[in-house]
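Just so it is clear: chains get the letters A, B, ... in the order the sequence lines come, proteins before strands, and each one is counted from 1. This is a predicted model, so every value here is computed, not measured. Hydrogens, waters and symmetry mates are skipped; everything else that's a heavy atom, side chains included, is used.
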Protein chains: 2
Amino acid sequence: MNKDPYSLSAEEFYARGDSYFLPHISIDCVIFGFHDNQLKVLLLEWKDSLRWSLPGGFILKDEDIDQAATTILLKRTGLEKIHLHQFHTFGDPNRDRKKHGINPPKGSNPKSWIMDRFITIGYWALVEHSKVTPSPDSFSRSCSWCEVSEVPDLILDHNLIIDKALESLRLQLNDYPVGFNLLPTKFTMPELQSLYETILGEKLDRRNFQKKMLSLGVLTRLNEQKQGGAHKAPFLYKFDKKKYQMALKRGLSFGI
Amino acid sequence: MNKDPYSLSAEEFYARGDSYFLPHISIDCVIFGFHDNQLKVLLLEWKDSLRWSLPGGFILKDEDIDQAATTILLKRTGLEKIHLHQFHTFGDPNRDRKKHGINPPKGSNPKSWIMDRFITIGYWALVEHSKVTPSPDSFSRSCSWCEVSEVPDLILDHNLIIDKALESLRLQLNDYPVGFNLLPTKFTMPELQSLYETILGEKLDRRNFQKKMLSLGVLTRLNEQKQGGAHKAPFLYKFDKKKYQMALKRGLSFGI
DNA sequence: TTGTTATTGTGTTAATTGTACACAATGATA
DNA sequence: TATCATTGTGTACAATTAACACAATAACAA
């Protein structure tokens with residue numbers, strides 16, 4: 001009971017994880033990134049099978065659920081201080097590894113607490129793709145980005161969880177500057193537009209988009225231009241948090 | 001293990017409820033009603049103290065969480081087939097009766113599963129005030145309506161849960177016809193406007209409101225007028241579900 | 001019976017916002 | 001140096017929202 005619960009061996013975890021973590025409750029994270037004009041999510045590939053799943057974890061008996069989600073994000077990406085958004089809790093009684101032929105690793109107790117029915121709390125996060133160091137957990141062989149429209153069959157209801165996360169993200173997009181978290185500090189207007197188009201799944205008018213974004217008054221145009229492109233060099237912008245805080249007070253909408 | 005889990009005595013429930021229900025997880029319902037131009041919520045007054053709380057309950061080991069919430073709503077209001085909206089899950093580790101001086105009834109085990117830390121899933125529902133028969137649970141002396149701005153101090157974080165439910169309701173108001181569920185089948189335009197004003201907490205222009213509502217094409221004006229008022233008799237309207245289904249397909253917004 | 005009052009029904013107009021386009025400027029390439 | 005794809009900026013029109021005026025009605029008081 002006094003070991004680091006994140007350093008347990010698989011056997012110990014299956015046998016006695018419930019002395020550290022709450023039973024029947026888990027957390028799953030949909031971690032979004034944006035790269036090559038594609039919206040991607042971070043997936044785990046399991047060690048001993050061809051299964052894929054979302055990064056997830058459990059809640060320490062005296063831990064806040066937001067903190068538990070933050071820990072999961074940190075361990076899979078190396079990132080701290082990222083805003084996590086809780087979007088839905090999934091409670092179908094079929095969320096049960098027993099009912100899906102998912103077995104504990106050989107040598108572990110097949111009656112483990114992990115094999116019970118679980119309710120999972122879904123969070124999404126927006127991270128800067130280039131800053132992420134994807135790290136598998138001890139049950140996975142790899143942790144990697146996957147384009148959202150090419151996600152394979154995942155365990156349990158994890159595909160549904162991604163769908164719901166995307167739906168929630170689209171709704172948030174109209175009220176909060178979620179897009180900016182996905183881009184590097186400096187970005188061009190076409191990059192920002194491409195991001196919005198990808199999340200919303202529709203093409204937007206280039207000129208009206210720029211007009212709208214600049215009218216929010218939360219972007220600062222830098223005296224630099226993006227070099228290396230094959231055509232006219234676009235200006236670089238940065239998201240101005242101070243201006244954003246000011247703008248929030250008078251109310252602003254990111255609706256496109 | 002084969003009794004009706006909802007007919008347990010208090011002693012049995014505290015001692016062995018966790019053989020029927022999931023531990024550490026509860027559901028709390030914010031049940032909204034509208035009466036006398038006031039938005040109200042249903043509260044429980046506890047038997048053995050001066051405490052108040054939201055109607056809540058637990059999840060059977062093999063029960064869907066939405067179903068569990070539906071059961072809670074049915075038991076407190078007598079109503080079925082009401083849309084419940086899951087809006088947030090509350091996971092502060094201080095959600096623990098032990099830490100708030102809330103004790104089991106005399107004669108029950110003070111180490112009961114109920115005295116552990118609980119994560120609660122919040123749902124709200126909109127019900128027609130006149131159709132509700134408020135019924136206390138076995139731990140409460142009364143179940144009654146309370147105006148949302150006059151809610152007393154509730155146990156644990158139940159006041160926060162109501163705040164979050166209201167916030168979620170306001171957001172939904174702009175996308176779904178939530179208001180109509182709170183009114184009787186036949187209602188007047190001023191009544192509908194008063195409901196929107198109460199939920200949003202702001203005054204709206206009478207003429208623009210009517211124009212907007214009628215333009216949605218989901219209301220049918222009846223050949224009747226509300227009698228008994230002190231002034232000009234307003235027309236009665238009803239919400240037309242068929243028209244609503246049609247309108248949904250082409251997309252519509254209730255934004256005010 | 002009749003005027004007063006508060007409320008409802010139905011417009012019209014002005015301001016704002018959103019949509020659809022046109023054209024010049026730029027940087028790499030041929 | 002001409003071409004091409006792309007970026008920067010502006011303008012006209014449509015749609016929506018906001019602001020406002022006046023007639024009709026029902027209860028009440030004189």
Only pairs under 3.5 Å count here: list side-chain donor-acceptor contacts from residues 158-165 of chain B, not counting sequence neighbours, and write none if there are none.
{"unit_1": "B:His158", "atom_1": "ND1", "unit_2": "B:Leu54", "atom_2": "N", "d": "3.0"}
{"unit_1": "B:Asn159", "atom_1": "OD1", "unit_2": "B:Leu154", "atom_2": "N", "d": "2.8"}
{"unit_1": "B:Asn159", "atom_1": "ND2", "unit_2": "B:Pro152", "atom_2": "O", "d": "3.0"}

If you look only at distance, which donor and acceptor atoms sit under 3.5 Å apart when one is on a side chain in residues 80-88 of chain A and the other is two or more places apart or in another chain?
none

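Every residue meeting the side-chain contact (heavy atoms from CB on, under 4.5 Å) condition with B:Glu202, not counting sequence neighbours, appears here in chain and number order: B:Leu200, B:Leu204. The side-chain contact (heavy atoms from CB on, under 4.5 Å) check on B:Lys75 picks up B:Tyr6, B:Thr71, with sequence neighbours excluded. A:Thr198 meets the side-chain contact (heavy atoms from CB on, under 4.5 Å) test with A:Phe34, A:Leu39, A:Ser194; sequence neighbours excluded. Partners of B:His231 by side-chain contact (heavy atoms from CB on, under 4.5 Å), not counting sequence neighbours: none found.
Atom-to-atom, CG of B:Asp205 to P of C:dT13 comes out at 17 Å; the value is rounded to the nearest Å. To the nearest angstrom, C1' of C:dA20 lies 14 Å from CG of A:Leu204. Atom P of nucleotide C:dT8 and atom CG of B:Leu236 are separated by 13 Å, given to the nearest angstrom.
The stretch residues 187-208 of chain A participates, sequence neighbours left out, in these ring pair (Phe, Tyr, Trp, His ring centres under 6.0 Å) pairs: A:Phe180-A:Phe187, A:Tyr196-A:Phe209. Applying the side chain to side chain donor-acceptor pair (under 3.5 Å) test to residues at least two apart or on different chains, none of the pairs has a partner in residues 169-183 of chain A. The salt bridge (Lys or Arg N to Asp or Glu O under 4.0 Å) pairs that include a residue from residues 118-132 of chain B are B:Glu128-B:Lys131, where partners are two or more places apart or lie in different chains.
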Between protein and nucleotides 25-30 of chain C, map the contacts as a letter string: B base, S sugar-phosphate only, - none, heavy atoms under 4.0 Å, written 5' to 3'.
BBBS--
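Residues from residues 206-213 of chain A placing a heavy atom under 4.0 Å of any atom in DNA chain D, listed by number, are A:Arg206, A:Arg207, A:Gln210, A:Lys211.
Here the two rings, on A:Trp145 and A:His129, have centers that are under 6.0 Å apart.
The span of DNA chain D lying next to chain B, judged by atoms under 4.0 Å from heavy atoms, is bounded 5' to 3' by D:dT17 to D:dA27.
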